Amino acid sequence: MSSAPIRSPTLRPHRMKKDESFLGKIGGTLARKKKAKEVSDLQEEGKNAINAPMNPSTVDMHPEDTFLEENEERTMIDPNSKEDPKFKELIKVLIDWINDVLVEERIIVKHLEEDLYDGQVLQKLLEKLADRKLNVAEVTQSEIGQKQKLQTVLEAVHDLLRPHGWTIKWNVDSIHGKNLISILHLLVALAMHFQAPTRLPEHVSVQVVVVRKREGLLQTTHVTEELTTTTEMMMGRFERDAFDTLFDHAPDKLSVVKKSLITFVNKHLNKLNLEVTELETQFADGVYLVLLMGLLEDYFVPLHNFYLTPESFDQKVHNVSFAFELMQDGGLKKPKARPEGMVVTCGFKPYINT
C-alpha cells in the first residue's frame with residue numbers, strides 16, 4: 001500500500017513585511033517625485049528669471065546651472081551670440097591654430113570646452129609655444145589631479161603674461177568648469193603673446209548672462225564681454241627698434257630715410273622694370289619683397305613658390321613669410337615684424353640689423 005506523498009509546507013511571506021515593503025516602495029516613489037518637483041520648480045524659477053520682460057532673449061539652462069548656493073553666480077553665453085559669425089570664426093581660428101601647433105603631438109582639438117578643461121592640451125600647447133617642460137603628471141583622471149595640473153599650467157601662463165601688463169580673466173575653476181568665455185580669453189592672450197601666425201577676427205564680443213542667487217531667488221543681468229579688439233592693438237606688442245626711436249625722437253628725418261630706402265629699392269627693382277613710390281603700400285603683399293631678395297642674392301625665385309598676384313589675406317601673408325625665410329637663408333636674423341602685421345597695416349617696416 002502506497003503512502004500519500006508528503007508535501008513540503010508552502011512558505012508565505014510575513015504579512016507585515018509585505019505591507020512594509022509596499023509602503024516603502026510608495027514612500028520611495030513619493031520621495032523621488034518630490035525631488036523631481038523641486039528640481040523642476042528650480043529650473044522653472046531660473047527660466048522665469050532669464051525670460052523676464054527686461055531680458056527678452058532666452059537662454060538654455062542645464063539643470064546643474066540652477067543649483068546655486070546663496071550669493072553664488074553662474075555665467076552663460078547668450079544663444080544669439082553663439083550664432084554670431086565672428087564668434088564662430090574666432091573659435092575656428094583658435095582651434096586651427098592649436099591643431100597646427102600640436103600637429104607633431106598628434107593631438108586634434110574639436111571642441112574647446114571638452115578638450116581643454118582638464119589641462120592636458122593646455123599643458124602641451126604651452127610647452128610647445130614656450131619651449132619648456134612643465135613638471136606635471138602626463139595623464140590625470142581625477143578632478144583633483146586635473147585641477148592641480150591646471151594650477152601649474154596657469155601659473156606658468158601668468159608668469160609669462162603678467163610682466164607685459166595682461167589682465168587675467170580666467171582661473172582654475174572657470175577653465176575646469178568648461179567656461180567658454182574664460183577659455184577664449186586665455187587662448188586669445190596666448191595667441192597674442194606668442195604672435196600666432198594667424199589673423200584673429202576683430203571686434204568680437206558676446207552677450208553674457210550672469211545668474212546670481214539672492215535671498216533664494218535667481219537674478220540675471222546681461223553684460224557685454226569683449227574678446228578681441230583691432231588687429232593693430234592685439235598684435236602690436238613688439239620689441240622696439242631703431243625705427244621706433246626715429247618715430248619718437250626725430251619724425252622730421254623720417255622722410256629722408258624713406259627717400260633713401262626707395263632709392264635703394266628702385267636701384268635693384270628697375271632691373272625688372274619695376275618701380276616703387278610708396279613703401280607703405282607696395283610692399284604689403286610681399287611680391288616686391290620676394291623679388292628684391294632674389295635680385296640682392298642674385299638668384300631666380302621660382303614663381304610657384306609665391307603668389308605673383310595675391311588676392312587674399314592668406315596669400316599675402318604667405319608671400320611675406322616666404323620673403324622672411326629668404327632673408328634668414330641669406331644670413332640675416334629673423335625680422336622683428338610679423339607677416340600678418342605687414343599685410344594688415346599695409347605698411348612696410350624695413351629690416352634693420354641692429
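Predicted model only: the values in this text are computed from it and were never measured. These values consider heavy atoms only, across backbone and side chains, with no hydrogens, waters or symmetry-generated copies.
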side-chain contact (heavy atoms from CB on, under 4.5 Å) evaluation trace for Leu94 with Leu200: CA-CA 8 Å; Leu94 290 172; Leu200 300 176; 4.0 Å; yes

Audit row: Leu112, Tyr117, side-chain contact (heavy atoms from CB on, under 4.5 Å) steps and yes/no: CA-CA 8 Å; Leu112 294 180; Tyr117 81 97; over 6 Å; no

Residue pair Val188, Leu90: steps toward the side-chain contact (heavy atoms from CB on, under 4.5 Å) verdict: CA-CA 9 Å; Val188 169; Leu90 176 62; 4.3 Å; yes

Verdict with supporting geometry, His176 and Glu143, side-chain contact (heavy atoms from CB on, under 4.5 Å): CA-CA 9 Å; His176 194 267; Glu143 180 178 339; 3.6 Å; yes

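Using a distance-only test at 3.5 Å, with no hydrogens or angles considered, a donor-acceptor pair links the side chain of Asp115 to the main chain of Lys110. Without hydrogens or angle criteria, Asp118 side chain to Gln146 main chain gives no donor-acceptor distance under 3.5 Å. Judged purely by atom type and a 3.5 angstrom limit, Thr75 has no side-chain atom pairing as donor or acceptor with the backbone of Val210. Between the Asn270 side chain and the Leu274 main chain, a donor and an acceptor come within less than 3.5 Å of each other. Of the possible donor and acceptor atoms, one in the side chain of His318 sits under 3.5 Å from a partner among the backbone N and O of Asn305. Between the side chain of Ser81 and the backbone N or O of Ile77, no donor-acceptor pair lies under 3.5 Å.
Heavy-atom minimum distance, Trp166 versus Met192: CH2-CE, 3.2 Å. Nearest heavy-atom pair across Thr228 and His203 is OG1-N, 3.3 Å. The minimum heavy-atom distance between Asp285 and Pro310, with the atom names listed, is CB-CG, 3.7 Å. When all heavy atoms of Ala323 and Val290 are compared, the pair lying nearest together is CB-CG2, 3.9 Å. Of all non-hydrogen atoms in Leu126 and Ala156, the two that sit nearest each other are CD2-CB, 3.6 Å. Here the closest non-hydrogen pair linking Gly119 and Val153 is O-CG2, 4.3 Å.
More than 12 heavy atoms of other residues, nucleotides or ligands shown are found within 6.0 angstrom of NZ on Lys271. Environment of CG in Asp131: sparse, with no more than 12 heavy atoms of neighbouring residues, nucleotides or ligands closer than 6.0 Å. Atom NE2 of His111 has 12 or fewer neighbouring heavy atoms from other residues, nucleotides or ligands inside a 6.0 Å radius.
Between Leu122 and Leu187, the closest side-chain pair of non-hydrogen atoms falls below 4.5 Å. For the pair Glu127 and Lys124, the minimum side-chain heavy-atom distance is below 4.5 Å. In this structure, Met327 and Leu289 have side chains that are in contact, with non-hydrogen atoms separated by less than 4.5 Å. For the pair Tyr307/Lys316, no side-chain contact is recorded, criterion being any heavy-atom separation below 4.5 Å from C-beta on. Using a 4.5 Å heavy-atom threshold, the side chains of Ile91 and Leu180 count as touching. Met76 has its side chain within reach of Val211: a pair of non-hydrogen atoms, C-beta onward, lies under 4.5 Å apart. Using a 4.5 Å heavy-atom cutoff, the side chains of Ser182 and Asn171 are not in contact. Within the 4.5 Å cutoff, the side chain of His158 has heavy atoms near those of the Ile168 side chain.
Side-chain heavy atoms closer than 4.5 Å link hydrophobic residues (I, L, V, M, F, W, Y) into clusters, and following such links, even through other members, never connects Leu129 to Ile108. Clustering ILVMFWY residues whenever any of their side-chain heavy atoms sit less than 4.5 angstrom apart, transitively, puts Val136 in a cluster other than the one holding Ile144. Following chains of ILVMFWY side-chain contacts shorter than 4.5 Å, one can reach Val223 starting from Ile181, so the two form part of one hydrophobic cluster. Using a 4.5 Å cut-off between side-chain heavy atoms of Ile, Leu, Val, Met, Phe, Trp and Tyr, with links allowed through other members, Leu308 and Tyr288 fall into the same hydrophobic cluster. Cluster annotation: Tyr299 is connected to Leu295 through the hydrophobic network of ILVMFWY side chains, with a link wherever side-chain heavy atoms come within less than 4.5 Å.
Side chains of Gln315 and Glu311: a donor-acceptor N/O pair is absent below 3.5 angstrom, by distance only.
Atom CD1 of residue Ile175 and atom CH2 of residue Trp170 lie 8.0 Å apart, to the nearest 0.5 angstrom. Between the CE atom of Met293 and the CD atom of Glu297 there is a distance of 5.0 Å, given to the nearest 0.5 Å. Note that the CG atom of Leu134 and the CZ atom of Arg132 stand 5.5 Å from one another [nearest 0.5 Å]. Here Asp78 contributes atom CG and Gln207 contributes atom CD; the two are 6.5 Å apart, rounded to the nearest 0.5 Å. To the nearest 0.5 angstrom, Asn179 atom CG is 9.0 Å from Glu113 atom CD. Interatomic distance, Phe264 CZ to Leu296 CG, rounded to the nearest 0.5 Å: 5.0 Å.
Residue His185 forms a side chain to side chain donor-acceptor pair (under 3.5 Å) with just one option from Lys169, Glu225, Glu226, and that option is Glu225. Results of the side chain to side chain contact (heavy atoms under 4.5 Å, CB included) test with Gln282 over Val265, Ile262, Thr277 single out Thr277 as the only residue that passes.
In this structure, Asp84 does not pair ionically with Lys88, as no charged nitrogen and carboxylate oxygen lie closer than 4.0 Å. Ion pair Lys147/Asp173 flagged as a salt bridge, since at least one NZ, NE, NH1 or NH2 atom sits closer than 4.0 Å to an Asp/Glu carboxylate oxygen. By the 4.0 Å N-to-carboxylate-O rule, Glu104 lies close enough to Lys128 to be salt-bridged with it. A salt bridge links Lys178 and Glu114; the closest N-O separation between the charged side-chain nitrogens and carboxylate oxygens is under 4.0 Å.
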